[in-house]
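Just the heavy atoms: all of them, side chains too, but no hydrogens, waters or symmetry mates, feed the values below.
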Amino acid sequence: MTALLQGNRLYLRGLVEADADGAYPGWLNDPEVCAGNSHGVYPYSREGALSFIRQAGQGADRLVLAVVLKEGHRHIGNVALQNIHPIYRSAELAILMGDKGAWGKGYGLEACRLLCAHGFNVLNLNRIACGTFASNEGMIRLATALGMKQEGIRRQGAYKNGAYLDVVEFGLLKSEFTENQ
């Protein structure tokens, strides 16, 4: 499939059914991959991945893309703008870096920068937000590196693995993103 967005080391493309035959479904069953997100609560199967992939491209309220390394064309994660609201000109950013061999190398930041630029410059968004567990240090560092501002904390806003977790909320305005680029 053709790349929608090109970065220095990776590209973003639409999800394809063949992704369900790769490592992708296993990411959502890996407790380490899912520790900082809402996944990993129910078993995830190839059929579940296929269903998600088929629905991902169906609505104007979301843009879900595969993060693929240019070298070797390896699918290492997914990144998305969700709950795209055309009147409010806002969306929520989500990312899943499933390939643990790709962690800590800046791929998530590169993918999110590409998608945020697309959201602000092509989709004409004014605000992109994200929320993450307070314990998800990687996502908090990523949000900060993108220039997002912490806007608040939803106290005990999530429940996972027998514990209530605070959810840290971040937001980024188009003017802030443009300043930092």
Is the backbone of G77 close enough, under 3.5 Å, to the side chain of H75 for a donor and an acceptor to pair up by distance? yes

Please test L63 against Q82 for side chain to side chain contact (heavy atoms under 4.5 Å, CB included), starting from the C-alpha separation and ending with a verdict. CA-CA 6 Å; L63 176 60; Q82 304 172 145; over 6 Å; no

Report yes if the side chains of L125 and S90 come closer than 4.5 Å at any heavy-atom pair, otherwise no. no

Is there a side-chain contact between T132 and E169, using heavy atoms and a 4.5 Å cut-off? no

Checking N29 side chain against Y44 main chain: does a donor-acceptor pair fall under 3.5 Å? yes

Which class fits the ring pair F120 and F177: parallel under 30°, tilted 30 to 60°, perpendicular over 60°? tilted

Same cluster or not: L10 versus L4, using hydrophobic residues (I, L, V, M, F, W, Y) connected whenever any side-chain heavy atoms lie under 4.5 Å apart? yes

Kindly give the heavy-atom pair with the smallest separation between A111 and V67, and that separation in Å. CB-CG2, 3.9 Å

Determine whether V167 and L172 fall in the same hydrophobic cluster, where Ile, Leu, Val, Met, Phe, Trp and Tyr are linked whenever their side-chain heavy atoms lie under 4.5 Å apart. no

Under the criterion side chain to side chain contact (heavy atoms under 4.5 Å, CB included), I'd like the reasoning laid out for L146 against F170: C-alpha separation, chi angles, the key distance, then a yes or no. CA-CA 10 Å; L146 279 171; F170 291 91; over 6 Å; no

Check ion pair R9-E71 (N to O, under 4.0 angstrom): no

Check whether any side-chain N or O of R62 sits under 3.5 Å from a backbone N or O of L81 as a donor-acceptor pair, and report yes or no. no

Closest non-hydrogen atoms of L142 and C112, given as atom of the first, atom of the second and distance, are CD2-SG, 3.7 Å

In one Ile/Leu/Val/Met/Phe/Trp/Tyr side-chain cluster, 4.5 Å: M139, L165: no

Any carboxylate oxygen within less than 4.0 angstrom of a Lys/Arg side-chain nitrogen, looking at D166 and R154? no

Using 30° and 60° as the class limits, which term best fits the ring planes of Y24 and W27: parallel, tilted or perpendicular? perpendicular

Please report the shortest heavy-atom distance between I53 and E17, naming the atom on each side. CG2-N, 3.9 Å

What do the steps show when you test K174 against N121 for side chain to side chain contact (heavy atoms under 4.5 Å, CB included), and what is the final call? CA-CA 9 Å; K174 181 178 185 175; N121 300 324; 4.1 Å; yes

Examine distances only and state if a side-chain atom of W103 and a backbone atom of M97 form a donor-acceptor pair shorter than 3.5 Å. yes

Least distance between heavy atoms, I140 atom then A134 atom: CD1-O, 3.5 Å

If we ignore hydrogens and angles and just use 3.5 Å, is the side chain of E92 paired with the main-chain N or O of I84 as donor and acceptor? no

Please name the residue in the list L5, L65, D19 that meets the side chain to side chain contact (heavy atoms under 4.5 Å, CB included) test with R13. D19

Heavy-atom side-chain proximity of R127 to R89 below 4.5 angstrom: no

Closest approach of P25 and A20, non-hydrogen atoms and distance? CG-O, 3.3 Å

Take V168 and Q150 through the side chain to side chain contact (heavy atoms under 4.5 Å, CB included) test and state the conclusion after the steps. CA-CA 7 Å; V168 184; Q150 183 176 326; 3.6 Å; yes

Is the backbone of F133 close enough, under 3.5 Å, to the side chain of N136 for a donor and an acceptor to pair up by distance? no

Using modelled atom types only, decide if a donor and an acceptor are shared between the side chain of S51 and the backbone of E47 within a distance under 3.5 Å. no

Looking at K105 and D99, is there a salt bridge between them, counting it only when a charged N and a carboxylate O are closer than 4.0 Å? no

Could you tell me whether the side chain of E176 and the main chain of L173 form a donor-acceptor pair under 3.5 Å? yes

Do M148 and L93 come close enough that some side-chain heavy atom pair is under 4.5 Å? yes

Within a 6.0 Å radius of atom CD on E137, are there more than 12 heavy atoms belonging to other residues, nucleotides or ligands? no

For the residue pair V33 and G98, what are the closest heavy atoms and their distance? CG2-O, 3.5 Å

Spatial distance of atom CG (N126) from atom OG (S175) [nearest 0.5 Å]: 7.0 Å

Side-chain contact, heavy-atom cut-off 4.5 Å: V68 with L12? no

Is it true that L15 and L96 fall in one hydrophobic cluster, defined by side-chain heavy atoms closer than 4.5 Å? yes

